[in-house]
2 protein chains.
Amino acid sequence: MTSRSTYHHGDLRQAVLAAALDVIAAEGPGALSLRDLARRAGVSHAAPAHHFKDRTGLLTAIAAQGYELLAETLGDAPELSERGVRYVRFAVAHPAHFQVMFQPELLRADDPDLLAAKEHASAELRAGVAGLPDVPDARTAGIAAWSLAHGFATLLLTQNVTAAIGDRDPEEYFRSLTGLVFTNQLPSRGGE
Amino acid sequence: MTSRSTYHHGDLRQAVLAAALDVIAAEGPGALSLRDLARRAGVSHAAPAHHFKDRTGLLTAIAAQGYELLAETLGDAPELSERGVRYVRFAVAHPAHFQVMFQPELLRADDPDLLAAKEHASAELRAGVAGLPDVPDARTAGIAAWSLAHGFATLLLTQNVTAAIGDRDPEEYFRSLTGLVFTNQLPSRGGE
DNA sequence: GGCGCAATCTTGTCAGTGTCAAGTTCGAGG
DNA sequence: CCTCGAACTTGACACTGACAAGATTGCGCC
């Protein structure tokens with residue numbers, strides 16, 4: 001893998017993407033170095049740039065791939081709370097993608113592939129609240145659900161709830177979270 | 001400000017911190033350059049290192065300051081939902097701090113100041129769910145509330161809900177979110 | 001089959017960065 | 001006044017992203 005007889009690598013794009021995901025998952029996007037990725041793939045220092053143009057280009061490609069994966073993961077989940085679980089599942093399964101997707105400064109916001117993938121995932125998210133009964137403001141409800149899932153996923157990946165969930169499965173724990181919320185066991189302003 | 005007669009700057013630490021916050025808020029932590037901060041303060045390129053040791057040291061100092069500011073902002077809020085609003089308020093008022101606080105790879109996790117500040121803020125968060133009536137699992141309820149607030153704050157700062165809230169005040173919008181959640185207007189699994 | 005061409009990869013270079021080491025300036029406390 | 005340590009400077013080194021120009025290769029098309 002590191003040595004190669006042919007002049008052309010054959011699948012450099014995929015190799016660089018995979019290596020980048022490893023680095024990001026382990027040390028964050030800031031530790032990403034195009035030259036290091038080139039070394040890992042056994043090519044010259046400028047080879048990756050040919051496929052991604054930029055460091056920003058690489059990160060944008062990762063984000064786009066992430067939105068596609070998210071859309072896939074959400075897939076055809078039957079109802080809203082299950083979509084939340086799927087959202088958490090995605091974050092756990094693809095932490096590097098998740099991290100990059102939500103740091104706009106790292107990305108080329110007007111990239112066509114990114115926009116298309118984002119819209120794709122966005123449609124899946126919206127579908128979750130589309131047929132909800134007796135909800136006055138479906139859009140706000142959707143954002144509430146998104147906030148809950150996104151917040152939990154973020155806190156999970158940043159090691160901020162590891163102590164609380166112990167060795168329980170994150171998805172399962174999130175199910176109990178939604179259970180609490182959806183059955184109104186969180187009191188409001190003094191039981192209003 | 002850029003020119004200075006004395007050999008000593010006088011307040012370099014604060015100057016660098018302030019400049020760093022500007023840069024981070026505008027272009028993210030990745031755009032941070034110690035040499036650039038030195039230029040802005042009108043000192044030599046290695047001067048900032050004397051106060052923060054590292055790039056990591058600077059970011060750790062920012063995160064610690066952030067947790068102290070968060071603890072202050074949460075302050076003596078009366079009840080849980082109001083603490084959520086305060087949490088969002090903090091994120092909007094101090095976006096640079098917020099961003100850095102939740103990127104562990106950027107920080108020196110064992111820094112004493114950081115740990116102390118984090119514990120300080122954590123205590124404030126816990127206080128919000130301390131005296132909740134008739135909640136079986138207060139810890140889980142706290143994480144649910146934290147997830148909701150944190151998720152909304154993150155989505156807000158990453159421009160993912162700007163379209164939805166329009167020109168409304170983020171805090172006010174979040175209040176309506178918690179309203180939805182706490183009054184159980186989000187249906188569960190088909191009305192179970 | 002082989003020719004040309006464009007995609008892929010290499011080599012070389014430049015400015016910019018973080019970090020370390022060693023020297024310089026300054027001010028406070030004895 | 002003098003010393004000593006904190007604050008800052010100067011210089012250096014390895015590393016990085018980006019660009020330009022050249023080498024190599026596989027593939028389509030005649």
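Just so it is clear, the structure is predicted and the values come from calculations on it, not from any experiment. Each chain gets a letter, A, B and so on, in the order its sequence line appears, and its residues count up from 1.
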Rounded to the nearest Å, what distance is computed from the [atom1] atom of residue [X] to the [atom2] atom of nucleotide [N]?
X	N	atom1	atom2	answer
A/Leu32	C/dT17	CG	P	19 Å
B/Leu59	C/dT19	CG	P	10 Å
A/Leu12	D/dT24	CG	C1'	15 Å
B/Leu37	C/dG16	CG	C1'	14 Å
B/Arg13	D/dC8	CZ	P	12 Å
A/Lys53	C/dT8	NZ	P	14 Å
B/His50	D/dG5	NE2	P	13 Å
A/Asp36	D/dC15	CG	C1'	11 Å

Nearest to the [X] side chain among [options], which nucleotide is it?
X	options	answer
A/Arg35	D/dA18, C/dT11, C/dC9	D/dA18
A/Arg55	D/dA18, D/dA7, D/dT16	D/dA18
A/His45	C/dC20, C/dG12, D/dA12	C/dG12

B/Phe102 and B/His150 aromatic centres sub-6.0 Å: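 Aromatic pair counts; centres sit under 6.0 Å.
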Would you say that A/Glu124 contacts A/Arg86 through its side chain, given a criterion of any heavy-atom pair below 4.5 Å between the two side chains?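 No, every pair of side-chain atoms sits at 4.5 Å or beyond.
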Do any side-chain nitrogens or oxygens of [X] fall under 4.0 Å of OP1 or OP2 in [N]?
X	N	value
A/Arg39	D/dT16	yes
A/Ser33	D/dG17	yes
B/Ser44	D/dT10	no

Do the side chain of B/Thr60 and the main chain of B/Arg108 share a donor and acceptor less than 3.5 angstrom apart?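 Indeed, once roles are kept as given, a pair shorter than 3.5 Å links the two residues.
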Sidechain-backbone polar pair: B/Arg55 side chain, B/Leu32 backbone, donor-acceptor under 3.5 Å: yes
Under 4.0 angstrom, heavy atoms only, what part of the nucleic acid is A/Leu58 near: base, sugar-phosphate, or nothing?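 It contacts nothing in the nucleic acid.
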Smallest separation among heavy atoms of A/Gly28 and A/Gln99, with atom names: CA-OE1, 3.9 Å
Contact nearer the 5' end of DNA chain D, comparing A/Asp54 with B/Asp11: B/Asp11
